[in-house]
Each structure stands twice: as C-alpha cells, then as structure tokens.
> 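This is the structure, below, for whatever I ask next.
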Amino acid sequence: MKTAPDWHIARWFNARQDLSLPSLRGRVVMLHAFQMLCPGCVLHGLPQAAKVRALFDPADVAVIGSHSVFEHHAVMGPDALAVFLHEYRVDYPVGVDAHRPGDPLPVTMRAYGWRGTPSVTLIDRAGRIRLSHFGQMDDLQLGGMIGRLVGEASSVAPAGRAAAP
C-alpha cells in the first residue's frame, strides 16, 4: 500500500486551521476531488461526501474536499468557490488545490494521479491509500469500504486519544 502524499492547498474553507495529513492520522480520510462546474461533482460527488460526513463519527472519518481545477481556471477562483460552498451548504473542510506556474494540473491532483473529477481517495488510519476511484461511485460500495477501514485495528491513535495496547 502506498503512503498518501501530502496535499498542497492554496487556501482552506470551513477549517479553523490548515489541515495536513499527519494531523488526521488515526482517522480514515475521504478525500474527494471536485470542480464546482463539474455536473458529476454537483449531482453526485458533493452530496455523497455530505452523506459520509453525516453518517460517520468525525472522530473516525474525516471528509475533506479538494477543489482541483484543471479547466476554466478564470471562473473557478476562490471568490466564486466561497459563494458556491455557501449556496450548496458544504460545511466540511475544502482546500483549493495549488497550482505551479505553467502547469494546468493542480499539484495535489498530479500527486494523487487523479484523472479528473469527481475522484475519491480513501486513506486509512495509518496514512496509506486504500482506494482511488475516478468517476461516480456507488454509495453502498463506498460506505462499506469506509466501514471496513473504520473497523480495522490501528496502532495510530486519533488526535486526543491514546493508542490501544
């Protein structure tokens, strides 16, 4: 299993502080890549992420959005994203995937090998990638996989909790 690479975020929304993968160790992370002008993201990916956030204990599962823009850059900037997140009532942390000069693909998108949006990556409690999926994913399939990852024993304790002996 591959260790999840760091993400590169230019700006966070719905987060009190910058989030990093090490700060989430001990929890399963559902990292979902989306673009606000992507129909599959709006109709399926964002509602699915909201369901996961509502159904799983945040002490066990962190839902993180990555606004990974690889097209129509001029109209999907942070100001437009702020309005979009408010209008669609997205309340979980969302990071704006950073860009390197001259590269149309965002840094995190390239690091994770996402082929487009929507994409879902599941990261286990130890920080390893356990699923990388491009396109729409069935809710039951995703929920079952998250449930299995939550149920796995881990020597990595969530922040604020001691590791099990």
Side-chain angles (χ1 to χ4, degrees), residues 1-15 18-73 76-78 80-99 105-150:
M1 285 173 260
K2 179 183 172 188
T3 299
D6 289 332
W7 46 55
H8 300 271
I9 301 300
R11 180 174 171 188
W12 283 101
F13 292 90
N14 303 327
D18 289 351
L19 296 173
S20 66
L21 277 172
S23 74
L24 299 172
R25 287 277 155 79
R27 291 194 267 177
V28 173
V29 176
M30 176 190 168
L31 178 60
H32 81 97
F34 74 97
Q35 295 184 95
M36 65 181 144
L37 294 181
C38 163
C41 300
V42 173
L43 296 173
H44 184 77
L46 291 162
Q48 185 175 62
K51 288 179 206 172
V52 169
R53 170 133 170 152
L55 291 173
F56 288 94
D57 184 339
D60 289 321
V61 179
V63 175
I64 307 292
S66 177
H67 190 241
S68 296
V69 178
F70 57 90
E71 58 189 352
H72 310 300
H73 296 271
M76 288 199 278
L81 179 61
V83 173
F84 176 87
L85 295 174
H86 173 76
E87 291 297 320
Y88 281 86
R89 296 186 171 117
V90 175
D91 63 354
Y92 52 84
V94 172
V96 176
D97 200 348
H99 280 87
L105 288 183
V107 179
T108 304
M109 179 177 223
R110 189 173 292 287
Y112 277 81
W114 293 325
R115 297 180 304 161
T117 57
S119 288
V120 172
T121 299
L122 293 181
I123 302 166
D124 69 15
R125 294 177 187 267
R128 299 170 301 206
I129 294 175
R130 300 293 291 274
L131 171 78
S132 185
H133 182 85
F134 169 60
Q136 294 182 10
M137 186 171 185
D138 180 77
D139 288 347
L140 289 175
Q141 182 183 15
L142 178 62
M145 180 109 191
I146 293 171
R148 282 192 300 279
L149 293 176
V150 166

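Counting begins at 1 with the first residue of the sequence.
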> Out of curiosity, S20 OG to I9 CD1, how far, rounded to the nearest 0.5 Å?
11.0 Å
> Suppose we screen for side-chain hydrogen bond (donor to acceptor under 3.5 Å, both in side chains). Which residues come up paired with T121, at least two apart in sequence or across chains?
W114
> If a pair satisfies ring-ring contact (aromatic ring centres under 6.0 Å, His included) and one of its residues is in residues 36-56, list it, with sequence neighbours excluded.
none
> Is any side-chain heavy atom of P5 closer than 4.5 Å to a side-chain heavy atom of I129?
yes
> Quick one: salt bridge (charged side-chain N to carboxylate O under 4.0 Å, His left out) partners of D139, sequence neighbours excluded?
K51
> Can you list the residues that meet the side-chain contact (heavy atoms from CB on, under 4.5 Å) rule with H133, with sequence neighbours excluded?
L131, M137
> What residues form a side-chain hydrogen bond (donor to acceptor under 3.5 Å, both in side chains) with R130, not counting sequence neighbours?
D124, E152
> Quick check on side chain to side chain contact (heavy atoms under 4.5 Å, CB included): which of L149, L122, I64 does V29 satisfy it with?
I64
> Would you be so kind as to tabulate the donor-acceptor pairs closer than 3.5 Å made by side chains of residues 34-41, with sequence neighbours excluded?
{"unit_1": "Q35", "atom_1": "OE1", "unit_2": "F70", "atom_2": "N", "d": "3.2"}
{"unit_1": "Q35", "atom_1": "NE2", "unit_2": "E71", "atom_2": "OE2", "d": "3.4"}
{"unit_1": "Q35", "atom_1": "NE2", "unit_2": "T117", "atom_2": "OG1", "d": "3.3"}

> Rounded to the nearest 0.5 Å, how far apart are CG of L21 and CD1 of I123?
5.0 Å
> If you look at every heavy atom in Y112 and A4, which pair is closest and at what distance?
OH-CB, 3.6 Å
> Find out whether V61 and V150 are in side-chain contact, i.e. whether some heavy atom of one side chain is under 4.5 Å from a heavy atom of the other.
yes
> Determine which pairs satisfy salt bridge (Lys or Arg N to Asp or Glu O under 4.0 Å) with at least one residue from residues 5-14, sequence neighbours left out, and list them in order.
none
> Strictly distance-based, threshold 3.5 Å: is any side-chain N or O of H99 a donor or acceptor partner for the main-chain N or O of V69?
yes
> Between D138 and L140, which heavy-atom pair has the shortest distance, and what is it?
OD2-N, 3.0 Å
> State, to 0.1 Å, how close V42 and P47 come at their nearest heavy-atom pair, and which atoms those are.
O-CD, 3.4 Å
> How long is the span from the CD1 atom in I146 to the CE atom in M30, to the nearest 0.5 Å?
6.0 Å
> Partners of Y88 by ring-ring contact (aromatic ring centres under 6.0 Å, His included), sequence neighbours excluded?
F84
> Name the atoms and distances for all side-chain donor-acceptor pairs under 3.5 Å in residues 90-97, with sequence neighbours left out.
{"unit_1": "Y92", "atom_1": "OH", "unit_2": "H32", "atom_2": "NE2", "d": "2.8"}
{"unit_1": "D97", "atom_1": "OD1", "unit_2": "T108", "atom_2": "N", "d": "2.8"}
{"unit_1": "D97", "atom_1": "OD1", "unit_2": "T108", "atom_2": "OG1", "d": "2.9"}
{"unit_1": "D97", "atom_1": "OD2", "unit_2": "S68", "atom_2": "OG", "d": "2.9"}
{"unit_1": "D97", "atom_1": "OD2", "unit_2": "M109", "atom_2": "N", "d": "3.0"}

> Does the side chain of V28 come within less than 4.5 Å of R125's, by heavy atoms?
yes
> How many angstroms lie between CZ in F13 and CG in L81, if you round to the nearest 0.5 Å?
4.5 Å
